[in-house]
Structures are given as C-alpha cells and as structure tokens.
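What follows is a short report on a single structure.
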There are 2 protein chains.
Amino acid sequence: MGDFMLHGDLHLKPGHLIRRAQQIAVSIFLDECKEFDLTPTQYAVLAVLREKSDLDQITLASRAALDRSTIGGLVERLEEKGWIRRTVGVEDRRQKLVSLTEAGQAMLETVEPSVERVQQRLLEPLNGDERAVFMALLERLVDENNESSRAPFKK
Amino acid sequence: MGDFMLHGDLHLKPGHLIRRAQQIAVSIFLDECKEFDLTPTQYAVLAVLREKSDLDQITLASRAALDRSTIGGLVERLEEKGWIRRTVGVEDRRQKLVSLTEAGQAMLETVEPSVERVQQRLLEPLNGDERAVFMALLERLVDENNESSRAPFKK
DNA sequence: TGCTGATAGACAGCATACTGATCGTCAGTG
DNA sequence: CACTGACGATCAGTATGCTGTCTATCAGCA
C-alpha cells in the first residue's frame, strides 16, 4: 500500500468482509430453512441441546456462543414452538434447565439436510483445498480471539 | 467424517464460525472506538461518504452493503451526531442526498488509527502469509455469494 | 442463624438486520 | 394531460446482540 492511499479500502477490511459474510450466511440459512421457521441462532441452541440435555441457560448460552441477555427470549420463542421445555432446577432453584422435546428432536433431524446445504452453498466459491484452508484459518481466528467477545464459547 | 458422526459439529460449521467472527469483530471495534461513540456500521457509512458525497440513501446503502430498511435510522443517528447532513434531491425530490459535515470528516480522520488497530487485532492470530490467504479466500467467498444477501454490494 | 458476596435469570433500552407494506414522486406512454 | 408502473424513502413488526440494572436464590462464614 503506497503513501498515496490515505486509508484502507473499506472492502478490504476484514471486519467489513466478516460482516458481509454473516449477512450472506444468515440469508442462505433462512432461504434453505424457510419452511421450518427456524433461524441460525435457534438452530445453534437446538444443536447444543442435542449433545447435552438439561442445561441451565447460562451454560447453554456459553456453548452456543450467545450472550446471556439474548438467550432468554430465544429460549422463550423455542418453547412457544414446542421444540424445548424448561423446568426449574431442583438443586438450584435459580436455574431453568432446558431440554429438547420430542418434537424438537424430530424437527432437528428433519432440518439437518437443509443446514448441510447451507454450509455447502457458503463454501461453494472455494475448491476442496481452499475450503480446508479457509476453515482452519477461520477457526484459529475465532478461537484465539474468543475472549474478545462478550459471548465467548465455553466448554 | 465417518458414519459414526451423525451430524457435523456445530463448531465446525462455517456459518457458526462466521457468526462468532462477527461478534468478535464488533466487540473489538466497539472496544477500540469506545471514546468516539461509533459503531462498525456507522463507520462503514462514513467511509463510503468519504469516497463520494451527495449519495442518495439507496446507493449509499448498496455501497456499504446495508439493507435499505436499515439505512434510514442509521443516517438519522449520524445526523443527530452532526457527522452528516441530508438534503432533498433537486433533480429527483424523492431522494435525500447524504454528505459528510466538516465535523464528520474530522471525526473520520481521528478515528482511522483505531479502526486500523481493529483489523490488526482481528488478524493477530494469523501470520503474514496466512493473513493474505485468509483475506483472499474470504473476499472470494463474499464476492461470489454477493447476490445471496438481501443487501448485496453494488458499485 | 443471620450477613455478605456471587450467581441465574429477567428486563429496559439501544443498534443492526430483515420482511412486507405504504406513500410520495418520477418517467414513459397513450 | 392522465394513467401506469417503477422507484426512493419510511414504517410496523420480528429477531439478534449488546450494556446495565434488578431480583431471587445460593453458598460461605461469623
């Protein structure tokens, strides 16, 4: 970059490209999953619950990399749709333990092929080698900056 | 991926990683620029206006890769802060032409070093070669999926 | 047992995104 | 000139994401 360029081009800044990538990823997801009335974030919560049931909301939020102030409404919407259930914790009555309903499990199974297509479409512009390289670099960028987010991934 | 793995791990899905990267990018931006009361999106709008003045809101939104329904409120907040001004178009009275005020230009100059630091911090986990590779791949992914977004970049 | 600090969850308020509708203006045509 | 279709801007409604605050509850300790 020569001295003649006073400021970096907006479209070459990683922050801007990441923002556009996120818009694209959400858009493709909603397109592929429009028949299920499901958002990417809601899918993430359901996918976490598939791995482990009866998580309290804070733990659930951490595993899905969600902010604790966001998880409440999200879980409420999932409950309204009948995909999860909340029970007050027995050992700690502050906690609300969240788990998938049978409808939620069934729905996850059904939606999975669409979610796989989302990832395919996202990476479509890259060939096999490039996809592996891109994913490895992106994963490292995210992992090593994990603590810079208010909603860092945990456990 | 063997048959034993029924579904891809959430944390290996590009969509999820991109979402986390976006959270991190915003968080770092707000941290570096907290003294300026400026968001990444607001910065993008100001940076576009630095390149070309008196853009109507639709064109401005396209160049900053913003949705047309988002640009209104955004521009309003920037106007309240005194960084831009809006005038009704002379040739086409439907348009509102947006341009930087002197305060807006000065503010952009002042904030630029902080914005550069954001990009440095984001790419910190990668070495020089890896940064170039990552940026090239990310740019291609975004460009070739451009039309999948409701707010594709134009011009 | 009663006090204190920490934690889980909820909430208010703001900014970004998107869907879909509406309103005013423009431009081309009969 | 009136009609029609396209376009710029706005708005209502919903979802995510953040800051900051509050309440209920818990856990440790005097």
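Order of the sequence lines sets the chain letters (A, B, ...), proteins ahead of strands, with each chain counted from 1.
- Picking from D/dC26, C/dC18, D/dC18 the nucleotide with the shortest atom distance to the side chain of B/Gln23 gives D/dC18.
- The side chain of A/Leu74 has D/dT16 as its nearest neighbour among D/dA24, D/dT19, D/dT16.
- Looking at the side chain of B/Asp56, the nearest of the listed nucleotides C/dA10, C/dC26, D/dA9 is D/dA9.
- Between B/Gln95 and A/Gln22, the one whose closest nucleotide on DNA chain D sits nearer the 5' end is B/Gln95.
- Counting only heavy atoms from C-beta outward, the side chains of B/Arg50 and B/Glu112 approach each other to under 4.5 Å.
- At distances below 3.5 Å, not a single donor-acceptor pair connects side-chain atoms of A/Arg86 with backbone N or O atoms of A/Val98.
- Applying the 3.5 Å distance criterion, the base of C/dT7 shares a donor-acceptor pair with the side chain of A/Arg94.
- Put simply, the side chain of A/Glu139 does not reach to within 4.5 Å of the side chain of B/His11, judged on heavy atoms.
- Using a 30° and 60° split on the angle between ring planes, B/Tyr43 and B/Phe29 fall in the tilted class, from 30° to 60°.
- For the pair A/Glu76 CD and D/dT14 P, the interatomic distance rounds to 13 Å; values are reported in whole Å.
- Side-chain contact, A/Arg20 with B/Asn146: a donor N or O sits under 3.5 Å from an acceptor N or O.
- Taking atom CZ on B/Arg93 and atom P on C/dA27, their separation rounds to 12 Å, with Å as the unit.
- Between B/Thr59 and B/Arg63 there is a side-chain heavy-atom pair separated by less than 4.5 Å.
- In this structure, CD1 of B/Ile71 is placed 9 Å from P of D/dA9, rounded to the nearest angstrom.
- Comparing D/dG17, C/dC18, D/dT10 against the side chain of B/Arg68 picks out D/dT10 as the nearest.
- The stretch residues 58-66 of chain A touches DNA chain D through A/Leu66, each having a heavy atom under 4.0 angstrom from the strand.
- A/Leu55 has its CG atom 14 Å from the C1' atom of C/dA8, to the nearest Å.
- Of the residues in residues 29-54 of chain A, not one places a heavy atom less than 4.0 Å from an atom of DNA chain C.
- Atom CG in A/Asp67 sits about 16 Å away from atom P in C/dC11, given to the nearest Å.
- Heavy-atom distances to DNA chain C give each of B/Ala151 and B/Gly89 a nearest nucleotide, and the one nearer the 5′ end belongs to B/Ala151.
- Residues B/Gln42 and B/Lys81 meet the side-chain proximity criterion, which asks for heavy atoms closer than 4.5 Å.
- Counting non-hydrogen atoms of neighbouring residues, nucleotides and ligands closer than 6.0 angstrom, the CG atom of A/Asp129 reaches no more than 12 such neighbours.
- In this structure, the side chains of B/Phe153 and B/Ser62 stay at 4.5 Å or more apart for every pair of heavy atoms.
- Taking only side-chain atoms of B/Arg77, from C-beta outward, the nucleotide of C/dA15, C/dT25, D/dG17 with the closest atom is C/dA15.
- When distances run from any side-chain atom of B/Ser149 to the nucleotides C/dA17, C/dC18, D/dC18, the shortest one goes to C/dC18.
- Looking only at distances, no side-chain donor or acceptor of A/Ser53 sits under 3.5 Å from a matching main-chain atom of A/Ser99.
- Rounded to whole Å, atom C1' of C/dT25 lies 13 Å from atom NZ of B/Lys96.
- Each of C/dA10, D/dA9, C/dA15 was ranked by its minimum atom distance to the side chain of A/Arg86; first place goes to C/dA10.
- Between the CZ atom of A/Arg19 and the C1' atom of C/dT16 there is a distance of 9 Å, given to the nearest Å.
- Backbone-only contact: A/Asp92 has heavy atoms under 4.0 Å from sugar-phosphate atoms and none from a base.
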